Every structure is written in C-alpha cells, then in structure tokens.
Amino acid sequence: YTPRGDLLRIANAFNLQNADKHLPLLERLSRERGRIRVLFNLLQKSKRRAEHEGSKQLRIGHLRAVLEATSLAGLIKEEE
C-alpha cells in the first residue's frame, strides 16, 4: 500500500484543503482495486470539478461529489 506520507504529498500536490484530516478516506481509496491510480483519477476529476466551479482550492466536497458518481460511493459513508 502507498505510505501515508506519500498520500499526503499527493493530496497536497492537488491542493486538497485539510488533506491530513481526510487521510483515512485517501487511504481507503488508495487500497481499492487499481490502487494509487484510483486515487489519482479521482483527485484529477475533483480538481477539474473545483476549477469548473471557479474554486482555487480543492475541497473534500469536490471529491465526495465525484465519488458519489462511482461504485466507490459507499466509502463516503464510512468516513462520516
């Protein structure tokens, strides 16, 4: 699995607000089938969504909105 420090660096590279607070979700995403590619794909889609909305900061809400449209939507409930 991807080390926690690497996950935080990846999330910070995408400018995810409060990335450390959302580390448990990032860890679960990185352990899904496809592993780190899944996380990168979701962060890229979330970043595009944020930019489309005019936001300069990627927030967990953007990631959740993208997750809701995937088979991984159940991971959102686990975080809450």
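This chain uses plain numbering: 1 for the first residue, then up along the sequence. Just so it is clear, the model here is predicted, and its values are computed rather than measured.
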Considering all heavy atoms of both residues, which atom of His62 and which atom of Ser55 are nearest to each other, and what is their separation? CE1-OG, 3.9 Å
Testing Leu63, Leu39, Leu43 for side-chain contact (heavy atoms from CB on, under 4.5 Å) with Phe14, which one passes? Leu43
Taking every non-hydrogen atom, the tightest pair across Lys47 and Leu58: N-CD1, 3.8 Å
Could you list all the side-chain hydrogen bond (donor to acceptor under 3.5 Å, both in side chains) pairs where at least one residue sits in residues 2-17, not counting sequence neighbours? Arg4-Glu27, Asp6-Arg9
Any heavy-atom pair between the side chains of Ile10 and Ile36 that's under 4.5 Å? yes
Are Leu7 and Ser30 side-chain neighbours, meaning at least one heavy-atom pair lies under 4.5 Å? yes
Give a yes or no on whether a salt bridge exists between Arg64 and Glu68, defined as a side-chain N under 4.0 angstrom from a carboxylate O. no
State, yes or no, whether a side-chain contact exists between Leu42 and Leu67 at a heavy-atom distance under 4.5 Å. yes
dist Leu29:CG -> Arg37:CZ (nearest 0.5 Å) comes out at 14.5 Å
Shortest non-hydrogen contact between Arg59 and Leu16, atoms and distance: C-CD1, 3.8 Å
